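Computed from a predicted structure; not experimentally measured. Both ligands and their constituent atoms are indexed starting at 1 by order of listing.
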Amino acid sequence: PNYEYIITSRPEPNVLLIQLNRPKALNALCSPLFKELNQALKDADRDDSVGAMVLTGSEKAFAAGADIKEMKDKQFADVYKNRFLGDWADMTKIGKPIIAAVSGYALGGGCELALMCDIILASPTAKFGQPEINLGVIPGGGGSQRLAQLIGKSRAMEVVLTGRMFTAQEADKWGMISRVVGEGEGQVVKDAIAMAKEISEKSQIAVQAAKEVVNEAYETTLTEGLKYERRIFHGLFATNDQKEGMAAFAEKRKANFTHS
Ligand code: HXC
């Protein structure tokens, strides 16, 4: 498909790379960009040849937030009636893993976009933040809730109330991201693609089940979550990939998953 605000490619046969491509506005997330992003993710989720996805921006900016110029004149009546950001969390319904490769600014909606991905890898240049407070508003794309869950109350309060940026190293220390990758232009994208490739070589049924159960931990109690995990675990014994994976181990060979 021909997109205007994103670039999609296949750096590996089973990996989809989505690059936000609005460089002049530091990848500010205008509505059409977001629409294209959701479309690309939904298409990939339905495409059997895609095992995992990587979402990235540019060296300078993952995304500098929602588009402030697009938002500035909106009224309550518009945003409410027309459900502004109604499609914002659509990507949390995607079954396949999405890895965020963050370089440069990930601010406001940009930080929240990374937080909706399954794994975040950051370049040493990454700068996260929720600066909405400086615009007279608050995070609107999940930042207050996801940060509170991930980095704890005091840190979430600090970054949401002061709007200050925090570094990749802080995000790492706080447990918000998987890790800070080595220096060098493009390194974070390379590492994310390698991780996505590794994931795409597993049983895609098991991968989606694993994503589903980890996500459940953020939605429910421990008792319910453990029950949920056990049910899904049991269910995987109905798959060919479970038979193949365990037979391959016993026969000391590499598993040949058929995603069935
Ligand atoms: C619209 C933006 C933008 C944004 C940058 N630009 N961020 N346009 N919305 N969020 C535009 C600038 O207006 C400018 O356009 C061009 O991108 C380059 O930006 P500069 O400011 O000139 O670059 P620099 O001096 O390097 O500063 C980088 C920056 C700064 C620190 C990231 O751009 C900045 O503070 N941006 C806003 C960050 C922010 O407040 N984000 C939260 C948005 S609210 P021109 O035309 O002048 O060249 C939000 C709510 C989320 O995200 C709700 C849920 C989705």
Side-chain angles (χ1 to χ4, degrees), residues 4-7 18-42 55-94 98 100-118 120 122-151 155-171 176 185 188:
E4 188 179 350
Y5 295 107
I6 63 174
I7 298 171
I18 302 177
Q19 191 183 359
L20 304 181
N21 184 35
R22 212 189 155 202
K24 285 189 187 131
L26 303 182
N27 292 330
L29 305 164
C30 57
S31 305
L33 181 156
F34 213 71
K35 222 172 152 187
E36 291 186 1
L37 173 60
N38 274 327
Q39 190 59 51
L41 290 167
K42 275 178 209 165
L55 176 60
T56 196
S58 65
E59 283 297 319
K60 184 159 187 212
F62 179 73
D67 190 322
I68 301 168
K69 293 164 194 166
E70 183 187 292
M71 281 186 295
K72 73 183 189 24
D73 296 321
K74 286 191 191 291
Q75 298 292 337
F76 172 79
D78 312 325
V79 294
Y80 182 79
K81 196 169 56 156
N82 301 318
R83 296 179 199 85
F84 177 50
L85 298 176
D87 61 353
W88 174 257
D90 281 8
M91 68 183 280
T92 62
K93 304 279 186 293
I94 298 294
I98 308 169
V102 179
S103 290
Y105 297 112
L107 302 177
C111 184
E112 293 168 310
L113 179 63
L115 290 169
M116 287 196 292
C117 295
D118 301 302
I120 305 176
S123 141
T125 65
K127 280 195 164 39
F128 298 92
Q130 297 291 159
E132 289 90 342
I133 200 84
N134 299 322
L135 302 169
V137 292
I138 62 170
S144 66
Q145 306 304 296
R146 292 198 174 92
L147 283 175
Q149 282 185 338
L150 294 173
I151 69 177
R155 294 169 185 138
M157 284 287 188
E158 180 189 337
V159 303
V160 170
L161 295 178
T162 68
R164 83 153 168 97
M165 293 186 209
F166 53 101
T167 62
Q169 290 73 19
E170 283 176 292
M176 190 186 107
E185 195 168 318
V188 72

- Task: Taking atom 34 (C) of ligand 1 as the reference point, report whether a protein heavy atom occurs under 4.0 Å from it.
- Result: no

- When rounded to the nearest 0.5 Å, the distance separating CG of Leu135 from NZ of Lys72 is 12.5 Å

- Query: What protein heavy atom sits nearest atom 54 (C) of ligand 1, and how far off is it?
  - Reply: Gly141 N, 3.4 Å

- Determine yes or no for a side-chain-to-main-chain donor-acceptor pair under 3.5 angstrom, with Asn27 supplying the side chain and Arg22 the backbone. yes

- Message: Could you work out, with salt bridge (charged side-chain N to carboxylate O under 4.0 Å, His left out) as the rule, every residue matching Glu158, not counting sequence neighbours?
- Response: Arg164

- Query: Can you check whether Asp87's main-chain N or O pairs, donor with acceptor, with Asn38's side chain at less than 3.5 Å?
  - Reply: yes

- Message: Tell me if the CD atom of Gln149 is crowded by more than 12 foreign heavy atoms within 6.0 Å.
- Response: yes

- Does some non-hydrogen atom of Lys60 fall short of 4.0 Å from ligand 1? yes

- Message: Heavy-atom distances under 4.0 Å decide this one: backbone, side chain, both or neither, for Ala28 against ligand 1?
- Response: side chain

- Message: Run the side chain to side chain contact (heavy atoms under 4.5 Å, CB included) test on Leu55 and Leu113 for me, step by step, so that the C-alpha distance in whole Å, both residues' side-chain angles and the decisive distance to 0.1 Å come before the verdict.
- Response: CA-CA 10 Å; Leu55 176 60; Leu113 179 63; 4.0 Å; yes

- Message: Less than 4.0 Å from atom 41 (N) of ligand 1, is there any heavy atom belonging to the protein?
- Response: yes

- Among non-hydrogen protein atoms, atom 16 (C) of ligand 1 lies closest to Lys24 O, 3.2 Å

- Query: Knowing that exactly one of Phe62, Phe166, Tyr105 qualifies, which makes a ring-ring contact (aromatic ring centres under 6.0 Å, His included) with Phe128?
  - Reply: Phe166

- Heavy-atom donor-acceptor pair, Asn82 side chain to Phe84 backbone, under 3.5 Å: no

- So which of Arg22, Glu70, Glu132 gets nearest to atom 50 (C) of ligand 1, if we judge by its closest heavy atom? Glu132

- Query: Taking heavy atoms and a distance under 4.0 Å, where does Pro131 meet ligand 1: side chain, backbone, both or neither?
  - Reply: side chain

- Note on the structure: Contact region, Val137 to ligand 1, non-hydrogen atoms below 4.0 Å, reads neither

- Which ligand 1 atoms, with their elements, are less than 4.0 angstrom from a heavy-atom of Gly108? 42 (C), 52 (O)

- Message: Using only atom types and a distance under 3.5 Å, with no angle test, would you say the side chain of Glu36 pairs donor to acceptor with the backbone of Tyr5?
- Response: yes

- Item | Under-4.0 Å heavy-atom contact between protein and atom 9 (N) of ligand 1 | yes

- Specify whether the nearest protein heavy atom to atom 26 (O) of ligand 1 is under 4.0 angstrom away. yes

- Query: Among protein heavy atoms, which sits nearest to atom 30 (C) of ligand 1, and what does the distance come to when rounded to 0.1 Å?
  - Reply: Leu26 CD1, 4.6 Å

- Message: For atom 37 (C) of ligand 1, tell me which residue out of Leu107, Asp67, Ile68 has the closest non-hydrogen atom.
- Response: Ile68

- Item | Selected option - heavy-atom contact closest to atom 4 (C) of ligand 1, from Ala66, Cys30, Gly65 | Ala66

- Item | Taking atom 2 (C) of ligand 1 as the reference point, the nearest protein heavy atom with its distance | Ala25 O, 3.9 Å

- Decide whether an N or O pair under 3.5 Å exists between Trp88 and ligand 1. no

- Task: State whether the number of non-hydrogen atoms from other residues, nucleotides or ligands found under 6.0 Å of Gln169 atom CD is greater than 12.
- Result: yes

- Which residue supplies the protein heavy atom nearest to atom 38 (C) of ligand 1, what is that atom called, and how far is it? Ala64 O, 3.3 Å

- Query: Among protein heavy atoms, which sits nearest to atom 47 (O) of ligand 1, and what does the distance come to when rounded to 0.1 Å?
  - Reply: Lys69 NZ, 4.2 Å

- Report the part of Leu135 (side chain from C-beta onward, or backbone N, CA, C, O) that has a heavy atom under 4.0 Å from ligand 1; answer both or neither where that applies. side chain

- Message: Main chain of Val159, side chain of Gln130: is a donor-acceptor contact present, judged purely on distance under 3.5 Å?
- Response: no

- Check whether any N or O atom of Glu112, backbone or side chain, sits under 3.5 Å from an N or O atom of ligand 1, and answer yes or no. no

- Query: Does any N or O in the side chain of Thr56 come within less than 3.5 Å of the main-chain N or O of Ala101, such that one atom is a donor and the other an acceptor?
  - Reply: yes

- Is Leu20 close to Leu29 at the side-chain level, that is, under 4.5 Å between some pair of heavy atoms? yes

